[in-house]
Amino acid sequence: MHSVHYELIKVCPTTGARLGRLHTPHGVFETPMFMPVGTQATVKTISPEELYDMESQIILANTYHLFLRPGHELVRTAGGLHKFMNYKRGMLTDSGGFQVFSLSAMRKIEEAGVTFRSHIDGSKRFLSPEIATEVQEALGADIAMAFDECIPYPADYEYAKTSTERTSRWARRCLEVHTGNNQSLFGIVQGGMYPDLRRLSAEKLSQMDFAGYGIGGLSVGEPKPLMYEVLAETTQHLPASKARYLMGVGTPDCMAEAVALGVDMFDCVFPTRVARNGTAMVPTGRLVVRNAVYTEDFRPIDESCTCYTCRNYSRAYIRHLFHCKETFALRLLSIHNLHFLLDFAKQMRLSIASDRFPAFKNDFMLNYRI
RNA sequence: GUGGCUGUGGUGAAGUGGUUAACACGGCGGAUUGUGGCUCCGUUACUCGUGGGUUCGAUCCCCACCAGUCACC
């Protein structure tokens, strides 16, 4: 038995939505769940106590960033990520594969691994399945991800095929060197936008003994209907007994559609990133609190929201803080957006539990714009 | 009071006797999906202190006035 394992509680009778629990060394967490992103060992502007208050469960940190700074050995010396950043609930580390491609100016990909330049100082670095796994063991999160290549969109079939096959070989190498007792490894399905490659990738990885499965390479610029199509093709070939984690997705509409297709976990920078740019997530879509219409609007961001921000501050005040570039503004909207998505995931869980997920999803989509 | 200098959008400022008056900031919109509090995109002066004059034509040349500023008194 893996240190992290998924317990399926029930499946929605009409969609593929799953209610479950993820058992980890740092607690048992309920799925479907949204995982806030804490790239550099902090969810930007938010303290662990505030995360507990908004019922955050697992949070994410980035291998790529922590590998470059402060270095995984330092985190190991600190006693691991949990102790280092003082977060007591679940943690997951991304493998660094995605960042090597999205952040690095130059990189060279070979069977052995990827050579790239640090976005911090330009120094030449190397990351491979073995190194990414070792680094993640040093970081010590409950869940580590296999080192993969996120295929860009669009990509031609030959490229996608070559890359996907390599990612599968890399996945096996990660599994072979992984030894963490209190850490489990998730494999990552790729395959680009090609159904047969997705199926192949899902089947290949399912044969390996991973604790769960990431679904990568989606939400990379493709139209949403295509993403749902490819996602459906992926989840149906994954074992029902393991958790499915759709990587990088985190707008409520996409999450609802993905849950209906059997996804259990999500992470996304969207809520915290747009928060720092003055956008609040609300049931009707987005509220750009920077906008001039809110200059004298003393209502909270969302009158039905129970978060700290909405209980205490007005749109006009937050708008004012944004225009003054006050950092409190970033915190207030980050708290609200995280609360919004965490609560949205909770509502999905409750609706699956009470057999009204399809209605919940429909009602939500009816009001949601963009 | 006398002499000098200056007067261009919210701000700092380019500019030329002749089609739609640079640029930066700000403002106003938008983008943002395995995180650079970054960034990117669009938009923002029927008009160059006011009134006259010269000229085919003036933001640009001339005069007066007004305003600001410096020096002297």
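The chains referred to below are lettered A, B, ... by the order of the sequence lines, with proteins before strands, and numbering in each begins at 1.
- Here A:Glu326 lies out of heavy-atom contact (under 4.0 Å) with every strand.
- Under 3.5 Å, the side chain of A:Asp148 and the base of B:rG34 form at least one donor-acceptor pair of N or O atoms.
- Using modelled atom types, one finds a donor on one side chain and an acceptor on the other under 3.5 Å when comparing A:Ser123 with A:Asp121.
- Checked against B:rG34, B:rU33, B:rG30, the side chain of A:Lys224 finds its nearest nucleotide in B:rU33.
- Pair check for B:rG1 finds B:rC72; Watson-Crick or G-U wobble, both atom distances under 3.5 Å.
- Salt bridge annotation for A:Lys224-A:Glu257: absent, with no cationic side-chain nitrogen under 4.0 angstrom from a carboxylate oxygen.
- Nucleotides B:rU6 and B:rC48, compared at atom C1', are 14 Å apart to the nearest Å.
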Let me see the working for A:Met281 and A:Arg286 under side chain to side chain contact (heavy atoms under 4.5 Å, CB included), right down to the final yes or no.
CA-CA 5 Å; A:Met281 300 173 77; A:Arg286 302 174 194 179; 5.6 Å; no
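- A:Ser102 comes within contact range of no nucleotide atom at all, as no heavy-atom separation falls under 4.0 Å.
- The partner of B:rU43 is B:rG27, by the rule that a Watson-Crick or G-U pair needs both atom distances under 3.5 Å.
- Base contact: A:Asp94 has a heavy atom under 4.0 Å from a base atom.
- For the pair A:Leu330 CG and B:rC38 P, the computed distance is 8 Å after rounding to whole Å.
- Taking side-chain N and O atoms only, A:Asn277 has no distance below 4.0 Å to OP1 or OP2 of B:rU39.
- Atom NZ of A:Lys44 is separated from atom C1' of B:rU32 by 15 Å (rounded to the nearest Å).
- Between B:rU32, B:rU33, B:rG34, one nucleotide has an atom nearer to the side chain of A:Val274 than all others, and that is B:rU32.
- Not a single donor-acceptor pair, N or O on each side, falls under 3.5 Å between the base of B:rG37 and the side chain of A:Gln40.
- Rounded to whole angstrom, the span from the CD1 atom of A:Ile46 across to the C1' atom of B:rG37 amounts to 12 Å.
- To the nearest angstrom, P of B:rC38 lies 16 Å from CZ of A:Phe270.
- Across all strands shown, nothing is found opposite B:rU16 as a Watson-Crick or G-U wobble partner with both distances under 3.5 Å.
- Between the C1' atom of B:rG37 and the NE2 atom of A:His65 lies a distance of 14 Å, rounded to the nearest Å.
- Here B:rG34 is the nucleotide among B:rG30, B:rU32, B:rG34 with the atom lying nearest to any side-chain atom of A:Val269.
- Two residues, A:Gly278 and A:Thr295, neighbour RNA chain B, and the one matched to the more 5' nucleotide by heavy-atom proximity is A:Thr295.
- Spacing between atom NE2 of A:His320 and atom C1' of B:rG27 amounts to 16 Å, rounded to whole angstrom units.
- Using P as the reference atom, B:rC28 and B:rG51 are 32 Å apart when rounded to the nearest Å.
- Ion pairing between A:Glu149 and A:Arg166 holds under the 4.0 Å rule for side-chain N and carboxylate O.
- A salt bridge does not link A:Glu137 to A:Arg76: none of the charged nitrogens lies less than 4.0 Å from a carboxylate oxygen.
- Of the C1' atoms belonging to B:rC72 and B:rG10, the separation is 37 Å, rounded to the nearest Å.
- When both pairing distances are held under 3.5 Å, B:rA22 makes no Watson-Crick or G-U pair with any nucleotide shown.
- Taking the C1' atoms as reference points, B:rG27 lies 39 Å from B:rC63, given to the whole Å.
- Distance CG (A:Asp253) to P (B:rU32): 11 Å, rounded to an integer number of Å.
- Here the nucleotide nearest the side chain of A:His323, chosen from B:rG34, B:rG29, B:rC28, is B:rC28.
- Of the candidates B:rC28, B:rG37, B:rG30, the closest approach to any side-chain atom of A:Ala292 belongs to B:rC28.
- Annotation: B:rC60 and B:rG1 have their P atoms spaced 28 Å apart (nearest Å).
- Checked by atom type, the side-chain pair A:His339/A:Tyr308 shows no donor-acceptor distance below 3.5 Å.
- Within 4.0 Å of A:Leu246, counting heavy atoms only, lies no atom of the nucleic acid at all.
- Under the Watson-Crick or G-U wobble criterion, with both distances below 3.5 Å, B:rU33 is left unpaired in every strand shown.
- Contact annotation: A:Arg273 reaches the phosphate of B:rU33 (side-chain N/O to OP1 or OP2, under 4.0 Å).
- Between A:Tyr153 atom OH and B:rU33 atom P the separation is 16 Å, expressed in whole Å.
- Counting non-hydrogen atoms under 4.0 angstrom, A:Gly214 reaches nothing in the nucleic acid.
- Looking at A:Ser56 and A:Tyr87, their side chains do bring a donor and an acceptor atom within 3.5 Å of each other.
- Nucleotides B:rA24 and B:rC65 place their C1' atoms 34 Å apart, quoted to the nearest Å.
- Across all strands, A:Arg319 comes closer than 4.0 Å only to sugar-phosphate atoms, never to a base (heavy-atom distances).
- Across the strands present, B:rG7 finds its partner in B:rC66; the criterion is a Watson-Crick or G-U wobble pair with both atom distances under 3.5 angstrom.
- Comparing B:rU32, B:rG34, B:rG37 by their closest approach to the side chain of A:Arg276 singles out B:rG37.
- Taking the P atoms as reference points, B:rU11 lies 27 Å from B:rU19, given to the whole Å.
- Looking only at atom types and distance, the side chain of A:Thr93 has a donor-acceptor partner in the side chain of A:Gln136 under 3.5 Å away.
- Rounded to whole Å, the separation between the P atoms of B:rU33 and B:rG17 comes to 50 Å.
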